[in-house]
Amino acid sequence: MPDSNAAAWPWVRARLSGLRPAARPGTGRGGGAVVRTAVVTDSAAALPADYPRGLPCDGILTVTPMPVMVGAEIYGEGEDDILETIALALAAGTPVKTSRPSPGQFEQAYRAAQLHGFDAVVSVHISGELSGTADSARLAAARVGIPVDVVDTRTVGMAQGMAVQAAVNAAAAGADRAAVAAAAATQADRTKVFFYVPSLEQLRRGGRIGAAASLLGTMLAIKPILALDGGRIVPLEKVRSAARAVARLEEIVVAAAAPHPGQSVRLAVHHFGNPEEAKSLAARLEAALPDCPPAQISSLPAVLAAHAGLGVLAVIVGRVEIEERPATDGHAQRLK
């Protein structure tokens, strides 16, 4: 099974490997597509750490870190032991908050893309219902000379990450700004996010759910299964035990994935502080969906872990397009 440091799925790497001849924007070296559009995102996308290293073009993707405040200290995604720091703070009752990146951070990313020789930028971000990140991106876009399209994915985690990967694939194939933005938006619409949290308290503190819902869950010892709908966190089901909640989460994911051809479904499992539980869930999903590629397993990004709290299990179900063309051995070859 993939671990928290696993690379992007093989289908992503294979798709990008065929686009690598376009090593730099505007050159089309080796007969590859000319890459004119760069992609910018934020760290809520939960992309695998080594994903940017496998891209076919310098500067095609920039991931802007989202700040996390633990007490009086400010941390950025990727800093050493940030998840451990958040876990200890939550256990000790220390306030943990998050913030959107500043417009200046995005402005710097857009100007860097222009210096790299790109003609345009597509900026792909966490749901605007959960964060003002897309607003920061729009403010920055108004300050730069390079054209920027901002895409509010209305989702989070690897659901957002899949949208970013779709945008990068389109950009690497030479698509223009509008087509790259459309690829991100379309992929985001094809993803579902389901998750279980042992406690609603952190979501309440961060304003992501109402106080009444949190109080009810605490008083009745309800273990909620939640989902994203229209970019917002909504209750899906209420379960009376943690074991039943995880089992029901598995059932919901299988039901969401089963109607689609196995190879067209991609799964990602996120966790915070409970990697073995995530691996066990991923193994059961693999057994239940044998035609689907194994789930990518990773810790939640710090900015999401700060709100979900310890013990969260989230599953992303994404549908991807599969192109078929004759291969040299006469068999169909999947490209996406």
Side-chain angles (χ1 to χ4, degrees), residues 2 4 6-16 19 37 39-52 54-55 60-64 66 122-128 130-131 133-134 149-173 175 179-195 227-231 253 256-257 260-271 278 282 285 289 292-301 303-304 314-323 334-336:
S4 60
W9 294 286
W11 69 275
V12 175
R13 297 199 302 273
R15 176 66 174 159
L16 288 171
L19 301 170
T37 303
V39 179
V40 172
T41 190
D42 55 73
S43 56
L47 291 165
D50 63 351
Y51 173 73
L55 300 183
I60 193 172
L61 175 65
T62 300
V63 181
T64 302
M66 298 182 69
V122 172
S123 211
V124 184
H125 297 296
I126 181 176
S127 171
L130 302 176
S131 169
T133 299
D149 281 2
V150 177
V151 178
D152 177 351
T153 63
R154 303 184 72 77
T155 192
V156 295
M158 264 307 297
Q160 176 188 342
M162 291 181 196
V164 172
Q165 290 173 335
V168 170
N169 287 349
V180 172
T186 298
Q187 185 58 55
D189 287 342
R190 289 176 175 158
T191 60
K192 297 182 182 295
V193 179
F194 307 104
F195 62 108
L228 253 68
D229 185 14
V253 170
H260 307 290
Q263 291 297 318
S264 71
V265 175
R266 299 294 178 266
L267 302 177
V269 177
H270 293 314
H271 62 87
L285 290 173
L289 299 165
C292 178
Q296 175 190 312
I297 306 170
S298 62
S299 296
L300 275 178
V303 69
L304 301 183
V315 183
I316 314 301
V317 182
R319 291 185 295 114
V320 298
E321 288 186 355
I322 298 180
E323 294 179 358
R334 279 184 272 267
L335 298 180
K336 289 187 179 180

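Just so you know, these numbers use all the heavy atoms, side chains as well, and skip hydrogens, waters and symmetry mates.
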- From M158 CE over to L300 CG, what is the distance, rounded to the nearest 0.5 angstrom? 12.5 Å
- Value rounded to 0.5 Å, distance of CD in Q187 from CD in Q165: 8.5 Å
Determine yes or no for a side-chain-to-main-chain donor-acceptor pair under 3.5 angstrom, with [X] supplying the side chain and [Y] the backbone.
X    : Y    : answer
T62  : V40  : no
D152 : G128 : yes
T191 : A188 : yes

Heavy-atom side-chain contact between [X] and [Y] under 4.5 Å:
X    : Y    : result
Q263 : C292 : no
R190 : V320 : no
T64  : T133 : no
R319 : K192 : no
D149 : S123 : no
I126 : V303 : no
D42  : Q160 : yes
S131 : M66  : yes

- Take L267 and V317, measure what side chain to side chain contact (heavy atoms under 4.5 Å, CB included) needs, and give me the verdict at the end. CA-CA 5 Å; L267 302 177; V317 182; 3.8 Å; yes
Looking only at non-hydrogen atoms, find the nearest pair between [X] and [Y] and report the distance.
X    : Y    : value
L304 : G157 : CD1-N, 3.7 Å
A282 : I297 : CB-CD1, 3.7 Å
A175 : T37  : O-OG1, 3.6 Å
G231 : L130 : O-CG, 3.6 Å
A183 : A170 : CB-CB, 3.9 Å
I60  : A171 : CD1-CB, 4.1 Å

- Using only heavy-atom distances, determine whether the side chains of T153 and H125 contain a donor-acceptor pair under 3.5 Å.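 Looking only at side-chain atoms, H125 and T153 do not form any donor-acceptor pair under 3.5 Å.
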- Mind running side chain to side chain contact (heavy atoms under 4.5 Å, CB included) on L289 and V265 for me, showing each step along the way? CA-CA 10 Å; L289 299 165; V265 175; 5.8 Å; no
- Task: Verify side chain to side chain contact (heavy atoms under 4.5 Å, CB included) between V164 and V63, making sure each step is shown before the conclusion.
- Result: CA-CA 10 Å; V164 172; V63 181; over 6 Å; no
- Query: Run the side chain to side chain contact (heavy atoms under 4.5 Å, CB included) check on S299 and H271 step by step: do they pass?
  - Reply: CA-CA 5 Å; S299 296; H271 62 87; 3.3 Å; yes
